[in-house]
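A short write-up of the structure that comes next.
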Amino acid sequence: AIYIELHYIFASVWGHKLYTLYGILLIAFLMLVIVTAFITVALTYFQLAIEDHRWWWRSFFSGGATGLFVYTYCFFYYFGRSGMFGFLQTSFFFGYML
């Protein structure tokens, strides 16, 4: 679900298409935040249960994996779907997505 919403968002921002499903976008965003929070809490609990004293870095990276997924999709969208090329478009796209 998140993959499809990201496609529509990028198509509306970078492809000059109109995006009209704001309610569904809000629901998908809330689901993404809730699932990320639950997975982070569960993985942190598992680290604490085995008494790992370096649990804070793994808890940070388990939540940050969602951001990594979105940025990886940026690469896929830029090179596979957008049709953009050139230094200025590349720097503007990835600078904006950062």
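Note that this is a predicted model, so its numbers are computed, not measured.
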State yes or no: do [X] and [Y] share one hydrophobic cluster built from I, L, V, M, F, W and Y residues joined by side-chain heavy-atom distances below 4.5 Å, directly or via other members?
X     : Y     : value
Ile39 : Phe61 : no
Phe79 : Val70 : yes
Phe94 : Met84 : yes
Tyr45 : Leu43 : yes
Leu48 : Trp56 : yes

(message) Parallel, tilted or perpendicular: which one describes the rings of Tyr96 and Phe92, with boundaries at 30° and 60°?
(response)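 It falls in the parallel class, under 30°.
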(message) How long is the straight-line distance from OG1 of Thr36 back to CZ of Phe38, given to the nearest 0.5 Å?
(response)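 The OG1 atom of Thr36 is 11.0 Å from CZ of Phe38, to the nearest 0.5 Å.
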(request) With rounding to the nearest 0.5 Å, note down the distance linking CZ in Phe60 to OG1 in Thr44. (result)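 Rounded to the nearest 0.5 Å, the CZ-OG1 separation comes to 12.0 Å.
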(request) Would you indicate whether the side-chain heavy atoms of Ile50 and Phe46 approach each other to under 4.5 Å? (result)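 Side chain of Phe46 against side chain of Ile50, heavy atoms only: no contact under 4.5 Å found.
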(message) Are Cys74 and Phe93 packed together at the side-chain level, in the sense that at least one heavy-atom pair is separated by less than 4.5 angstrom?
(response)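 Touching, per the 4.5 Å side-chain cut-off.
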(message) Looking only at the side chains, is there a donor atom on one of Thr40 and Ser59 sitting less than 3.5 Å from an acceptor on the other?
(response)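 No pair is found: no donor N or O on one side chain lies under 3.5 Å from an acceptor on the other.
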(request) Taking the six-membered ring for Trp and the single ring otherwise, decide whether the centroids of Phe75 and Tyr78 are under 6.0 Å apart. (result)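 Distance test on ring centres: not under 6.0 Å, no.
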(request) Walk me through it: do Leu98 and Tyr71 pass the test side-chain contact (heavy atoms from CB on, under 4.5 Å)? (result) CA-CA 8 Å; Leu98 241 163; Tyr71 202 68; 4.1 Å; yes
(request) Might you point out which heavy atoms bring Ser91 and Leu88 nearest each other, and give the distance in Å? (result)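 Taking Ser91 first and Leu88 second, the nearest heavy atoms are OG-O, 3.1 Å.
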